[in-house]
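Only one structure is covered here, and it is reproduced in the block below.
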Amino acid sequence: LREPPVKDTGRAIAALFASPIQPSQGLALVTLALNRSISLMIGRPEFDPTSFVVGNIVLHAITTILLYHLLAALLARFSNPPFSGLLPIVMAALFAVHPLHTSSVPFPVQRRGIMVAAFFTLGLLAYLKLRETKSAAYRFGWLALLLVACWCCMKSKSIGIIMPLGIITIELALQLANRRALRRFLLWGGLLALVCVVLIFTHLWYQNLFNPKSMRLVLPEWGNALDLWPHFLTHMRIIWAYWAGTFFPLPAWLTPDHVVEPSLTLGDHFAWAALLGHVAMIVAAIYAGVRRWPLTCAGILIFYVGMIPYPLLPQPEWMVEYRTYMPCVGVFIASTEFVNRVGRKIPRWTRAVAAVVAFAAMLTVTNERAFVYSDSLLLWKDAAAKSPTNHRAHSNLGLAYAKKKQFDDAIREYQESVRLQPNFPDGHFALGLTFDQLQRYDDAIVTYRRAQALMPYDLACHINIANALTSLG
């Protein structure tokens with residue numbers, strides 16, 4: 001939040017249009033800058049958390065409304081049998097209170113993902129209207145809205161560049177049952193998909209993540225970065241965990257930071273089974289489209305489109321729940337058709353009770369998670385309790401204790417963090433800062449030197465060691 005564009009709305013807007021076709025998070029930064037300005041106008045601190053969270057809640061509500069309209073449009077055109085008018089409302093309401101979204105909405109910085117989902121959903125809705133509208137004037141309007149949605153999507157967060165693949169996916173799902181139309185689609189759809197892939201790799205090259213000479217992705221310089229193949233295999237398992245969390249968001253499974261053992265080969269932790277499972281899911285989705293279940297097909301494929309960046313590009317964190325926000329749109333599209341078809345065989349009162357129970361259960365878990373997220377100490381206590389071997393959870397818990405001046409507890413958690421991961425420089429550095437605050441300069445110097453050995457070019461380590469030595473005289 002303290003990036004320069006967020007502190008100056010004019011600068012944020014200028015940065016947004018400085019590279020108009022380059023994917024970025026510029027639009028999200030503009031909204032954060034506006035949020036800061038509004039906070040100052042109403043007499044609140046410039047980085048008042050409540051103001052930013054309220055902004056996220058508004059954007060989440062907009063996404064929910066757009067999802068309702070998308071589901072209603074899909075069901076109205078492609079539903080067989082006809083659907084109940086309440087079904088899109090029920091499914092959108094379940095999306096609104098889904099517990100996984102508590103990893104996105106309470107965090108101001110995750111506004112980027114919420115905005116990607118909002119513009120992604122708007123783009124799909126505009127595309128559906130474009131393909132169904134006969135009036136030339138209206139078609140032009142929907143096309144303009146579609147292009148704006150695509151641009152805003154890729155300007156909210158770099159992963160928004162996948163928006164055209166979402167459009168290709170939904171058109172594929174709608175054409176699979178018609179062989180003649182499918183042949184025509186495969187021609188232009190294949191060309192558009194190729195253009196999208198070229199644009200994605202061009203962006204990666206611009207970000208120094210792709211070497212066009214060797215035609216290989218470039219590993220980032222993160223301490224926990226895996227080689228590309230192990231990273232891909234590990235994420236095959238992680239995506240199944242995302243599927244499970246979407247359908248069964250049990251409180252015991254929800255945490256802001258998960259520990260995942262890497263799969264270095266196909267045999268590690270049944271990575272081969274996870275990979276085959278995803279192939280089977282994609283084949284099943286295509287089969288569903290052929291059998292005239294277009295929403296099921298589109299929803300499953302959209303989920304995978306939303307997951308494309310994560311198994312291909314190494315990330316600082318391997319498994320975090322906020323990455324499910326946009327793919328959840330696909331899950332709810334697929335679930336809506338399933339509920340519409342299967343629910344017809346169930347008595348109306350049973351359907352109503354099931355909807356109320358599902359909503360109440362999700363809302364209860366979401367409220368519990370929102371309470372945990374309301375305080376950093378509660379949050380990281382919860383994370384450390386659920387993942388006792390997670391060094392980052394203990395380090396963040398130590399930071400939460402330190403902010404409350406509970407230094408003995410902070411030292412205990414920092415020490416546990418570096419015990420679990422001795423090569424974690426941030427843990428050593430934070431422990432050194434705590435010793436510094438307690439004027440235990442000998443311990444601080446020893447700890448800073450451990451951090452310095454892991455990041456020898458870090459200026460803060462050198463300065464803090466020098467200051468501690470000066471304090472010792």
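From a predicted model like this one, the values you see are computed outputs, not experimental measurements. Both backbone and side-chain heavy atoms feed into the values below; hydrogens, waters and symmetry mates do not. Position 1 is the first residue of the sequence; numbering continues from there.
For L147, the side-chain contact (heavy atoms from CB on, under 4.5 Å) test picks out L143, with sequence neighbours left out.
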For this session: Would you check, one step at a time, whether the test side-chain contact (heavy atoms from CB on, under 4.5 Å) holds for L86 with I89?
Result: CA-CA 5 Å; L86 288 176; I89 297 176; 4.2 Å; yes
Problem set entry | From CA spacing to verdict: side-chain contact (heavy atoms from CB on, under 4.5 Å), I167, C150 | CA-CA 10 Å; I167 295 170; C150 288; 4.2 Å; yes
Problem set entry | Stepwise side-chain contact (heavy atoms from CB on, under 4.5 Å) check, H101 with T366 | CA-CA 8 Å; H101 300 335; T366 296; over 6 Å; no
Exercise. Under the side-chain contact (heavy atoms from CB on, under 4.5 Å) criterion, do I170 and L74 qualify, and how do the steps go?
Worked result: CA-CA 10 Å; I170 204 165; L74 285 168; 4.1 Å; yes
For this session: Begin with the C-alpha distance, continue with both residues' side-chain angles, and end with the deciding distance and a verdict on salt bridge (charged side-chain N to carboxylate O under 4.0 Å, His left out) for R369 and D382.
Result: CA-CA 10 Å; R369 294 306 300 165; D382 179 75; 2.9 Å; yes
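Residues A12 and A33 share a closest heavy-atom pair of CB-CB, 4.1 Å. What you find for S263 and L233 is that their closest heavy atoms are O-CB, 3.8 Å. Among all heavy-atom pairs drawn from I162 and V305, the shortest one is CD1-O, 3.4 Å. Heavy atoms only, all atoms of each residue included: Y322 and S104 are closest at CB-OG, 3.4 Å. In plain terms, the two heavy atoms of G26 and L16 that are nearest each other are C-CD1, 3.7 Å. The minimum heavy-atom distance linking C153 with M163 is given by the pair SG-CB, 4.1 Å.
At least one donor-acceptor pair closer than 3.5 Å links the side chain of R351 to the backbone N or O of I346. A distance-only check finds no donor-acceptor pair linking the side chain of H235 to the backbone of M319 [under 3.5 Å]. Of the possible donor and acceptor atoms, none in the side chain of R237 sits under 3.5 Å from a partner among the backbone N and O of A271. Counting only distance, with no hydrogens or angles, the side chain of N390 and the backbone of A383 share no donor-acceptor pair below 3.5 Å. Listed for the Y242 side chain is a donor-acceptor partner under 3.5 Å among the backbone atoms of V320. Between the side chain of S374 and the backbone N or O of F371, at least one donor-acceptor pair lies under 3.5 Å. In this structure a side-chain-to-backbone donor-acceptor pair under 3.5 Å is missing from T234 to P262. Using modelled atom types, one side-chain atom of K386 and one backbone atom of P251 make a donor-acceptor pair closer than 3.5 Å. The backbone N or O of P388 sits less than 3.5 Å from a side-chain atom of H394, completing a donor-acceptor pair. For the pair H98 (side chain) and M362 (backbone), a donor-acceptor distance under 3.5 Å is absent.
Of the candidates L174, L176, L172, P294 forms a side chain to side chain contact (heavy atoms under 4.5 Å, CB included) with just one, namely L174.
To the nearest 0.5 Å, atoms CZ (R392) and CG (D257) are separated by 4.0 Å. A distance of 15.5 Å separates CZ of F332 from CD of E337, quoted to the nearest 0.5 Å. How far CZ of R180 is from CD of Q175: 12.5 Å, rounded to the nearest 0.5 Å. The distance from the CZ atom of F140 to the CG atom of L145 is 11.5 Å, given to the nearest 0.5 Å. Separation of atoms CH2 (W380) and OG1 (T255) is listed at 7.0 Å; rounding is to 0.5 Å.
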Counting only pairs under 3.5 Å, give me each side-chain donor-acceptor contact of residues 105-132, with atom names and distances, residues two or more places apart or in other chains.
| from | atom 1 | to | atom 2 | distance (Å) |
| --- | --- | --- | --- | --- |
| R111 | NE | N56 | OD1 | 2.7 |
| R111 | NH1 | T31 | O | 3.3 |
| R111 | NH1 | T31 | OG1 | 3.4 |
| R111 | NH1 | N35 | OD1 | 3.1 |
| R111 | NH2 | N35 | OD1 | 2.5 |
| R111 | NH2 | F52 | O | 3.0 |
| R111 | NH2 | N56 | OD1 | 3.3 |
| R112 | NE | V109 | O | 3.0 |
| R112 | NH1 | Q25 | OE1 | 3.0 |
| T121 | OG1 | A117 | O | 2.7 |
| Y127 | OH | E171 | OE1 | 2.6 |
| R131 | NE | E171 | OE1 | 2.9 |
| R131 | NH2 | E171 | OE1 | 3.4 |
| R131 | NH2 | E171 | OE2 | 3.1 |
| E132 | OE1 | R77 | NE | 3.0 |
| E132 | OE2 | R77 | NE | 3.3 |

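Using a 4.5 Å heavy-atom threshold, the side chains of E368 and V372 count as touching. In this structure, the side chains of P164 and L199 stay at 4.5 Å or more apart for every pair of heavy atoms. Within the 4.5 Å cutoff, the side chain of P256 has no heavy atoms near those of the E321 side chain. Annotation: side chain of W229 is in contact with side chain of L266 (closest heavy-atom distance under 4.5 Å). Using a 4.5 Å heavy-atom cutoff, the side chains of I168 and F185 are in contact. Contact check for L254 versus L100: side-chain heavy atoms found under the 4.5 Å cut-off. No side-chain heavy atom of I200 sits under 4.5 Å from any side-chain heavy atom of I308. Looking at I239 and Y304, their side chains come closer than 4.5 Å, going by heavy atoms from C-beta outward.
More than 12 heavy atoms of other residues, nucleotides or ligands lie within 6.0 Å of CH2 in W188, so this atom counts as buried by the packing criterion. Atom CD1 of I21 has 12 or fewer neighbouring heavy atoms from other residues, nucleotides or ligands inside a 6.0 Å radius.
Note: W272 and F270 have tilted aromatic rings, judged against thresholds of 30 and 60 degrees for the angle between ring planes.
Taking the six-membered ring for Trp and the full ring otherwise, the centers of F95 and Y325 sit less than 6.0 Å from each other. Aromatic ring centroids of F248 and W240 lie 6.0 Å or more apart.
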